Number of protein chains: 2
Amino acid sequence: MAEPLQLETGLTLAEQVTAALQRAIVTGEFAPGSKLNEPELARRYGVSRGPLREAISRLEARRLLSVTPNSGARVIALDTAELIALFETREALEGQAARLAARRMAEVDIAELSGLLDAHAAQIAADGGCAYYQDEGDFDFHYRIASGAGNALLKGILLDDLYQLLRMYRFRLSVSEGRAEQALNEHRQILAAISDRDADLAEMLMRRHVAAGRKRFEQSQSEYSAPALTH
Amino acid sequence: MAEPLQLETGLTLAEQVTAALQRAIVTGEFAPGSKLNEPELARRYGVSRGPLREAISRLEARRLLSVTPNSGARVIALDTAELIALFETREALEGQAARLAARRMAEVDIAELSGLLDAHAAQIAADGGCAYYQDEGDFDFHYRIASGAGNALLKGILLDDLYQLLRMYRFRLSVSEGRAEQALNEHRQILAAISDRDADLAEMLMRRHVAAGRKRFEQSQSEYSAPALTH
DNA sequence: CAACCAGATTTTGTCGACAACCCTTCAATT
DNA sequence: AATTGAAGGGTTGTCGACAAAATCTGGTTG
């Protein structure tokens, strides 16, 4: 259903529509590959097509939409190769973020993130790591590392672009049984390296952490194309 | 002067204005920090404010403009810390690009790039490495590595976002005497590693190459804040 | 029966106009 | 003299309408 854009002050309509539309895309309300109808969307959000088109332009630059002239905007649809490319890019950027966080993250932020990991541990113990909250916890951790790097550009690319794509596809990247504990453990190791101000180790561990996700995904894909190998 | 937007077919006015405006920003025609006047720009490019505002929205998402509601758009103005952040981000992405290029770049592209480096060498020998052409040669090299990585996302972030920022500020990042030969030498080493399919070495060399640029810039900045050391 | 070609309809691209807001100017007040 | 406040002009934000393009429909023809 259409939520007609709760009105916030200080923001332009175009910005509010951008946020609402991005949210709808990322939560899967608009499926990957589906076409966006401008008059319909404009009615839905209660705005004219002007601000809506500005929002579409923004989201195109953020790589969430792909528009073809005279044909319209479609939600981006990543194939397997492009999802792997997303992991590869994250690996580089998040590795660097961890490296820089080891140099620059404030002690108080490290302590707070440590507490957050305790909360994640409790949650996993309680509900066995329900996939949704597990993902949210994972995003939380990576979000804070990206913020702790003290590099606004790096943070912006990760939060505004890559994490949104990742959120879109989290259902395809769903984690396996017992993965939650392992991920939490890796988070702890990364944070320990940051706390030790060991930049090299922090980067290496983060890269492995992201690469592990990519490899699990590659594995899950190759099972379909070559199912004979695993049983 | 106003070049009223040479008309190309198949592209939206908004897209053409985006390209023209980005070009004007990147070449320094609009200085960093300067304000963009919408009616004036619309007249200049011979379009209405609709497509112009879409172009502004796109360039804001690409981090070339920063717009504040009800106040307008300004060309981005990077301070020293933000330029360092740009180098740090490039270091991670270009390092990864070199790593992936070592795995995926086609032999024919490697050979062609090798020939391009020969041309650069000849150019440096001829005119002593005039700063402008030297920069263009540098961009050429990095552009091809980014393309050779076989990762459209990584390539897009580098070409659409980071390299544009870099071009904007190349005058502040101008190279010193004799730097051209050294850069060319580093390019040769990187390409050799790629040709050997040595991903680890290619990444390391590229990271050092970018880091060297960052360090020269940091050096040039600290000279002003602490001039007594080098007098 | 398939392919192709009009006509009609929907959708996108663009424009000009109006309203809201910001900044400047300048006069009045403390 | 400095600050405040109101009027004015200018800029931004938004809208509805028109024109061009694409898509859909149905009928015709090979």
Side-chain angles (χ1 to χ4, degrees), chain A residues 2-22 24-25 30-31 33-62 64-77, chain B residues 2-22 24-25 30-77:
Chain A
E3 47 179 294
L5 206 62
Q6 56 180 356
L7 42 100
E8 296 182 29
T9 61
L11 292 180
T12 60
L13 277 184
E15 288 174 301
Q16 295 174 253
V17 172
T18 304
L21 188 51
Q22 170 167 313
I25 293 170
F30 298 127
S34 61
K35 187 166 172 335
L36 299 187
N37 184 304
E38 292 185 9
E40 181 185 327
L41 274 180
R43 275 196 308 274
R44 166 178 175 147
Y45 294 122
V47 300
S48 75
R49 284 176 52 224
L52 177 70
R53 283 177 62 88
E54 290 183 27
I56 290 176
S57 297
R58 280 189 179 83
L59 294 181
E60 184 198 13
R62 284 186 196 170
L64 287 180
L65 296 176
S66 90
V67 341
T68 35
N70 294 318
S71 171
R74 309 189 86 89
V75 178
I76 203 81
Chain B
E3 48 179 293
L5 204 61
Q6 54 182 0
L7 42 100
E8 295 183 32
T9 61
L11 290 181
T12 296
L13 275 185
E15 288 175 300
Q16 295 175 255
V17 172
T18 303
L21 187 51
Q22 169 167 313
I25 292 169
F30 298 127
S34 62
K35 188 168 172 328
L36 299 187
N37 184 304
E38 291 186 8
E40 183 185 326
L41 274 180
R43 274 196 309 275
R44 164 176 175 149
Y45 293 122
V47 300
S48 76
R49 284 176 53 224
L52 178 70
R53 283 177 62 88
E54 291 183 26
I56 290 175
S57 297
R58 280 189 181 77
L59 295 181
E60 184 199 13
R62 285 187 196 167
R63 295 165 236 276
L64 287 179
L65 296 176
S66 91
V67 341
T68 33
N70 294 319
S71 171
R74 309 191 86 88
V75 179
I76 203 79

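Small disclaimer: the values here were computed from a predicted structure and weren't measured. Excluded from the calculations below are hydrogen atoms, water molecules and symmetry mates; all remaining heavy atoms, backbone and side chain alike, are included. All chains are named by letter (A, B, ...) in the order of the sequence lines, taking the proteins before the strands, and each is independently numbered beginning at 1.
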* Shortest non-hydrogen contact between B/Gly33 and B/Ala77, atoms and distance ->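 Residues B/Gly33 and B/Ala77, closest heavy atoms: N-CB, 3.9 Å.
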* If you take all heavy atoms of B/Pro32 and B/Val75, which pair is closest and at what distance? ->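 Looks like CA-CG1, 3.7 Å.
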Integer-rounded Å distance: [N] [atom2] and [X] [atom1]:
X: A/Gln16; N: D/dT14; atom1: CD; atom2: C1'; answer: 13 Å
X: B/Ile56; N: D/dG13; atom1: CD1; atom2: C1'; answer: 12 Å
X: A/Leu52; N: C/dT11; atom1: CG; atom2: P; answer: 14 Å
X: A/Glu40; N: C/dT9; atom1: CD; atom2: P; answer: 20 Å
X: B/Arg74; N: D/dT12; atom1: CZ; atom2: P; answer: 10 Å
X: B/Glu15; N: C/dT12; atom1: CD; atom2: C1'; answer: 12 Å
X: B/Leu11; N: D/dA21; atom1: CG; atom2: P; answer: 14 Å

Closest listed nucleotide, where the reference is the side chain of [X] and the choices are [options]:
X: A/Leu13; options: D/dT14, C/dC15, D/dT12; value: D/dT14
X: A/Arg53; options: C/dT14, D/dG13, C/dT11; value: C/dT14
X: A/Lys35; options: D/dC15, C/dG13, C/dT11; value: C/dT11
X: A/Asn37; options: D/dT23, C/dT14, C/dT12; value: C/dT12
X: A/Glu54; options: C/dG13, D/dT14, C/dT12; value: D/dT14
X: B/Thr12; options: D/dC15, D/dT12, C/dT14; value: C/dT14

* To do: Report yes if the side chains of B/Leu21 and B/Tyr45 come closer than 4.5 Å at any heavy-atom pair, otherwise no.
  =>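 Yes; the side chains approach each other to less than 4.5 Å.
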* Asked: If you find the nucleotide of DNA chain D closest to A/Pro51 and the one closest to A/Ser71, which residue's nucleotide is nearer the 5' end?
  ->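 In this pair, the answer is A/Pro51.
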* Does A/Arg49 make a side-chain donor-acceptor contact with the base of D/dG16, cut-off 3.5 Å? ->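 Such a pair does not exist between side chain and base.
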* To do: Just call it for A/Leu36: base, sugar-phosphate, or nothing, with non-hydrogen atoms closer than 4.0 Å on any strand.
  =>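 Result for A/Leu36 = sugar-phosphate.
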* **From CZ (A/Arg74) to CG (A/Leu36), nearest 0.5 Å** =>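 A/Arg74 CZ to A/Leu36 CG: 9.0 Å, rounded to 0.5 Å.
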* To do: Could you walk me through whether A/Leu41 and A/Glu38 pass the side-chain contact (heavy atoms from CB on, under 4.5 Å) test, one step at a time?
  => CA-CA 5 Å; A/Leu41 274 180; A/Glu38 292 185 9; 5.8 Å; no
* So, is B/Asn70 near the phosphate of D/dT12, with a side-chain N or O under 4.0 Å from OP1 or OP2? ->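 No, because none of the side-chain N or O atoms of B/Asn70 sits under 4.0 Å from OP1 or OP2 of D/dT12.
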